[in-house]
Peer 1: 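Handing you a structure now.
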Amino acid sequence: MAKAITSREENYSEWYLDIVKKANLAANSAVRGCMVIKPNGFAIWERMQRQLDDMFKETGHVNAYFPLFIPKSFLSREAEHVEGFAKECAVVTHHRLMNDPNGGGVVVDPSAKLEEELIVRPTSETIIWHTFRDWITSYRDLPLLINQWANVVRWELRTRLFLRTSEFLWQEGHTAHATAEEALEEALKIQEVYATFAEEYMAMPVLRGVKTANERFAGAIDTYTIEALMQDGKALQAGTSHNLGQNFAKAFDVKFSNAENQEEYVWASSWGVSTRLVGGLIMTHSDDEGLVLPPKMAPVQVVIVPIPKPSEELNTKAKELMQELKARGIRVTYDDDDKQRPGFKFAENELKGIPIRLGLGKRDLDKGTIEVARRDEKTKESQPLDGIVDHVANLLEEIQQNLFDRAVRFREENSTHVDTFEEFQAAIDRDIPGFVYAHWDGTTETELKIKELTKATIRCIPNDRVEETGSCILSGKPSAGKVVFAKAY
RNA sequence: CGGGGCAUAGCGCAGUCCGGUUAGCGUGCCUGCUUUGGGAGCAGGAGGCCCCAGGUUCGAAUCCUGGUGCCCCGACCA
């Protein structure tokens, strides 16, 4: 068991890191807080990208690319925005290096100081709105629906692979609209796109909700979020979509002429999901044997293992089978390494999260069967080779659904409703705190006080919450409905 | 930004307190033989600026001074 990973029970944090490292998803790099995404990890991100990109295109968005560097002055145009990001920006101050006159290698050339420093984008609203000013003059230019796939940098003090790194990959959508209603609709539409993606493709159930004033994006009117529950009972903000109102249009003076030839400021939205989703995917489904991937997100869905080792006979059959599976659109590989034994390969393929393993041996060929093992439930059974492609195709769907159902069940089992602060405290203090629904008086003051006392934050006010009168668990003041608290990543 | 830890073979580590031949163990890697339906066994082999710089000493992975880097835990944030 050379590659055994720490169990979740023993140390959840170590378990997560073990999976990331031992499934070869990512590694720490020479740069603090920045990760190297390895081929296995990047393949998952690529699947996310491809699917999301299709969905964005489907909703009328087009891709573009804006610069990595942003003039420092741009960031300060929107007051709340700069306050939100100023503390975590990387700043470029010089543009040239020179040989150290003292022989210490290269040093920054002091004569190459920039007139205006550049910041490395922590998000691109400012540079994009500066550009949109040139793109928009008339209501006929609207709506403008732009997305970009990019890297961003936020100088994080505490990082974890995928979940929070100083540099990360993401997509950021930026849209401009003629009316407030349209901008709001756009923000909500994207929230639903994100939720659909999370649930149908990642098999990760999410709560759809709106952030409190305290938790919203710096510069937004409202932030819509999807929140997932991880296996340790902590919430993960998996995607956000912002209604920016006219805040950035005003800051960057972006106006359009409406049909009556009157000038108005443009209405905006922005939204993003990042490589953090890979972390969420890992923590939603994986177990103590390693990574578990839902079939739709698995770079490899089926692996065929020759037993006990490759032979001409087995290779021929396996390749034939691969062709049939590929023809059905199934991503399949053949593990024809003749050095490792089957047991090793089983463990290795489980660690990597491949949803289905097909074990093919001499006995199978004689009997016309094949061994089908599913990663999610760790069961295996012998199946007739005849009709195996249909069986595998159906099983992939079943696994996808099973993982989602399992995650929904976990979330339900770990969601509680409380009415008093004592109940609240007890719920949050459990080993798996989960989502805790409670009344809140709507003030930032109370929210912060609760956070100080319990470390729990308001994840969202659910879109589908039932309106009911109640009293705040802390202040006792009236509340119009329960909000969702949790400890969060 | 505080607190702690670590830096020695691809990876994981011991050795450092108490300086001393050729720096060691596990794993991985290479070769060969035997094995082979759940992480194989034996034999042989390759692989090291012991984080960097200075100092002490006949002699430094080890002691002293000064750096650098990364990780983990908290506070802040996607």
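To find a chain, count down the sequence lines: A is the first, B the second, and so on, and within it residues start at 1.
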Peer 1: Using the P atom in both, what is the distance from B:G3 to B:A9, to the nearest Å?
Peer 2: 30 Å
Peer 1: Determine the Euclidean distance between corresponding C1' atoms of B:C25 and B:C64; express it in Å to zero decimal places.
Peer 2: 30 Å
Peer 1: Answer yes or no: side-chain N or O of A:Arg158 and base N or O of B:G2 forming a donor-acceptor pair under 3.5 Å.
Peer 2: no
Peer 1: Any chance you could measure A:Leu25, atom CG, to A:Ile37, atom CD1, to the nearest 0.5 Å?
Peer 2: 10.0 Å
Peer 1: Pick the P atom in B:U62 and in B:C51, then give their distance to the nearest Å.
Peer 2: 8 Å
Peer 1: On the six-membered ring of A:Trp170, is A:Arg154 placed so that its NZ or CZ lies under 6.0 angstrom from the centre and within 45° of the ring axis?
Peer 2: yes
Peer 1: So which nucleotide from B:A78, B:C72, B:G39 ends up closest to the side chain of A:Leu17?
Peer 2: B:C72
Peer 1: Across the strands shown, which category fits A:Glu88 at heavy-atom distances under 4.0 angstrom: base, sugar-phosphate, nothing?
Peer 2: sugar-phosphate
Peer 1: Paired with B:G2: which nucleotide, if any, by Watson-Crick or G-U wobble criteria at under 3.5 Å for both distances?
Peer 2: B:C73
Peer 1: How about A:Glu381: does its CD atom have over 12 heavy atoms from other parts shown lying under 6.0 Å from it?
Peer 2: yes
Peer 1: Taking the C1' atom in each of B:A40 and B:U35, what is the distance between them to the nearest angstrom?
Peer 2: 7 Å
Peer 1: Less than 4.5 Å apart, any side-chain heavy atom of A:Phe421 and any of A:Leu453?
Peer 2: yes
Peer 1: Roughly how many Å apart are B:A53 and B:A14, using the C1' atom of each and rounding to a whole number?
Peer 2: 27 Å
Peer 1: Now, which nucleotide makes the Watson-Crick or G-U wobble pair with B:C25, with each of the two distances under 3.5 Å?
Peer 2: B:G12
Peer 1: If we call it a pair only when both distances are under 3.5 Å in a Watson-Crick or G-U wobble match, what pairs with B:A43?
Peer 2: B:U31
Peer 1: Which part of the nucleic acid, if any, lies within reach of A:Lys455 when heavy atoms closer than 4.0 Å are counted: base, sugar-phosphate only, or nothing?
Peer 2: sugar-phosphate
Peer 1: Need one value for A:Leu277: base, sugar-phosphate or nothing, where a base atom within 4.0 Å counts as base even if backbone is also close, heavy atoms only.
Peer 2: nothing
Peer 1: Say we look at B:G67 and B:U22: how far apart would their C1' atoms be, to the nearest angstrom?
Peer 2: 32 Å
